[in-house]
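As structure tokens, the structure follows; a few thoughts come after it.
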There are 4 protein chains.
Amino acid sequence: MSGPVRLTDTELHAALGAMPGWEIRDGRLHRTFRFADFSAAFGFMTRVALVAESMNHHPEWRNVWSVVEIDLTTHDAGGITALDVTLARRISELAQAVG
Amino acid sequence: MSGPVRLTDTELHAALGAMPGWEIRDGRLHRTFRFADFSAAFGFMTRVALVAESMNHHPEWRNVWSVVEIDLTTHDAGGITALDVTLARRISELAQAVG
Amino acid sequence: MSGPVRLTDTELHAALGAMPGWEIRDGRLHRTFRFADFSAAFGFMTRVALVAESMNHHPEWRNVWSVVEIDLTTHDAGGITALDVTLARRISELAQAVG
Amino acid sequence: MSGPVRLTDTELHAALGAMPGWEIRDGRLHRTFRFADFSAAFGFMTRVALVAESMNHHPEWRNVWSVVEIDLTTHDAGGITALDVTLARRISELAQAVG
């Protein structure tokens with residue numbers, strides 16, 4: 001079975017155009033989210049955890065109080081794949097819902 | 001040390017006037033919250049859990065998919081106290097934030 | 001596409017034999033879990049939420065402080081199906097892990 | 001009101017002696033926790049979140065799949081205080097409970 005395949009630079013930049021706030025950092029999809037307080041940040045993280053577990057694809061993330069920094073990559077593919085783009089979009093939707 | 005004291009009927013009805021959506025059911029403060037899906041409901045519950053643990057005062061609650069039903073009472077006081085009113089207000093704020 | 005099918009009484013009782021602690025109550029798989037405190041109970045609930053969302057099959061559950069009561073049924077099938085048995089088993093494993 | 005005060009080096013090393021697994025890294029209390037999978041890691045994080053919010057003292061933390069890295073410091077005091085030691089001990093207890 002073939003797994004997810006690394007996006008080409010062309011594909012990646014096309015995808016990024018529709019993903020406001022996300023950028024490439026150290027070869028990974030990166031975005032920083034800022035919330036009102038820890039409660040809002042952790043409520044968001046819980047919803048991201050539900051999505052990640054459902055996709056069986058998990059973020060590398062860091063939280064300090066109201067700030068959540070997320071990096072996405074697909075280890076098996078050695079880079080960013082369509083899985084990361086899908087997860088990034090769902091994360092963006094959740095962040096918008098949390099406000 | 002004296003603990004929280006049951007509100008009188010007069011105090012309780014005054015409080016309820018400022019708590020839209022809450023009612024008295026079986027001697028407890030009761031409200032039903034409806035969200036878009038399970039993810040939104042559980043994100044809300046996680047934030048309620050953080051408040052409850054901070055107050056060391058916890059809800060009796062029930063979840064089915066996108067619906068969360070909450071009942072508040074103070075066992076040590078044998079009824080509804082100011083603690084329940086405070087927790088109810090914070091829960092209402094969280095529900096509004098989650099949308 | 002056919003969905004999950006209600007288990008026959010024979011299938012259900014065979015399944016229950018391998019599910020210590022679970023019983024049939026009001027036509028649903030039912031079990032009560034008791035933990036050390038609210039933190040342990042809610043940590044367990046969070047892990048159950050991750051499993052439920054991954055299976056797209058969710059419990060009806062109730063929490064009061066350290067106690068979590070869970071009821072499982074498959075609404076689309078009008079009763080208990082193999083989905084409920086699978087979810088029940090995974091929930092039992094999580095409860096054992098939490099202790 | 002005076003806030004928490006930075007521990008002296010002597011106090012800090014005495015405290016560390018009773019905190020297996022924790023070390024000083026970049027001026028903060030640091031420890032890495034490894035769990036069986038993401039579910040166990042996030043269940044642990046949820047319980048840490050409940051403690052942190054109750055103490056109104058929050059970790060800087062990072063999660064990748066089953067690994068949780070935690071750094072503790074007290075920004076207001078410009079270093080490690082008794083608050084961090086208390087939070088670290090409670091985090092260690094939770095990690096042991098999760099297994």
Side-chain angles (χ1 to χ4, degrees), chain B residues 3-4 24-81 83-84 86-88 90-91 94-95 98, chain C residues 3-4 24-81 83-84 86-88 90-91 94-95 98:
Chain B
I24 307 298
R25 188 182 290 183
D26 296 332
R28 300 180 296 181
L29 277 178
H30 177 88
R31 187 169 168 189
T32 300
F33 296 91
R34 296 172 195 286
F35 298 95
D37 54 22
F38 176 75
S39 164
F42 199 75
F44 165 73
M45 289 175 71
T46 299
R47 299 187 63 181
V48 171
L50 292 171
V51 170
E53 191 75 347
S54 295
M55 293 180 62
N56 195 23
H57 189 60
H58 301 80
E60 303 183 18
W61 50 357
R62 184 169 178 271
N63 163 244
V64 182
W65 173 244
S66 63
V67 178
V68 182
E69 283 189 77
I70 298 184
D71 287 288
L72 304 177
T73 187
T74 304
H75 289 284
D76 293 349
I80 299 167
T81 67
L83 264 183
D84 299 302
T86 299
L87 180 52
R90 296 186 65 181
I91 288 173
L94 292 176
V98 173
Chain C
I24 308 297
R25 188 181 291 183
D26 296 333
R28 300 180 295 180
L29 277 179
H30 177 87
R31 186 168 167 189
T32 300
F33 296 91
R34 296 171 197 285
F35 299 94
D37 54 22
F38 177 74
S39 164
F42 198 74
F44 165 74
M45 290 176 71
T46 299
R47 298 187 64 180
V48 170
L50 292 172
V51 170
E53 191 75 349
S54 295
M55 293 180 62
N56 195 24
H57 188 60
H58 300 78
E60 304 182 19
W61 51 358
R62 183 167 179 273
N63 164 244
V64 182
W65 174 240
S66 62
V67 179
V68 182
E69 283 188 74
I70 298 185
D71 287 289
L72 303 177
T73 187
T74 305
H75 289 283
D76 294 349
I80 299 168
T81 68
L83 263 184
D84 299 302
T86 300
L87 180 52
R90 296 187 65 182
I91 288 173
L94 292 176
V98 172

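In what follows, every heavy atom counts, from backbone to side chain, and hydrogens, waters and symmetry copies are set aside. In what follows, chains carry the letters A, B, and so on, assigned in the order in which the sequence lines appear, proteins first and then strands, with residues in each chain numbered from 1.
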Rounded distance [0.5 Å steps], CZ in B/R62 versus CG in C/N63 =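 The distance works out to 13.0 Å.
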Spacing of CG belonging to B/D37 relative to CD belonging to C/E53, to within rounding of 0.5 Å =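 That separation rounds to 7.0 Å.
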Tell me, do C/N56 and B/F38 make a side-chain contact under 4.5 Å, heavy atoms counted?
->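 Heavy-atom side-chain distance check fails, nothing below 4.5 Å.
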Over all heavy atoms of both residues, which pair between C/T46 and B/F42 is shortest? Give the atoms and the distance, please.
->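 That would be CA-CZ, 3.6 Å.
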Flag if over 12 foreign heavy atoms under 6.0 Å of CZ, C/R28 =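 For C/R28, atom CZ is crowded (more than 12 foreign heavy atoms under 6.0 Å).
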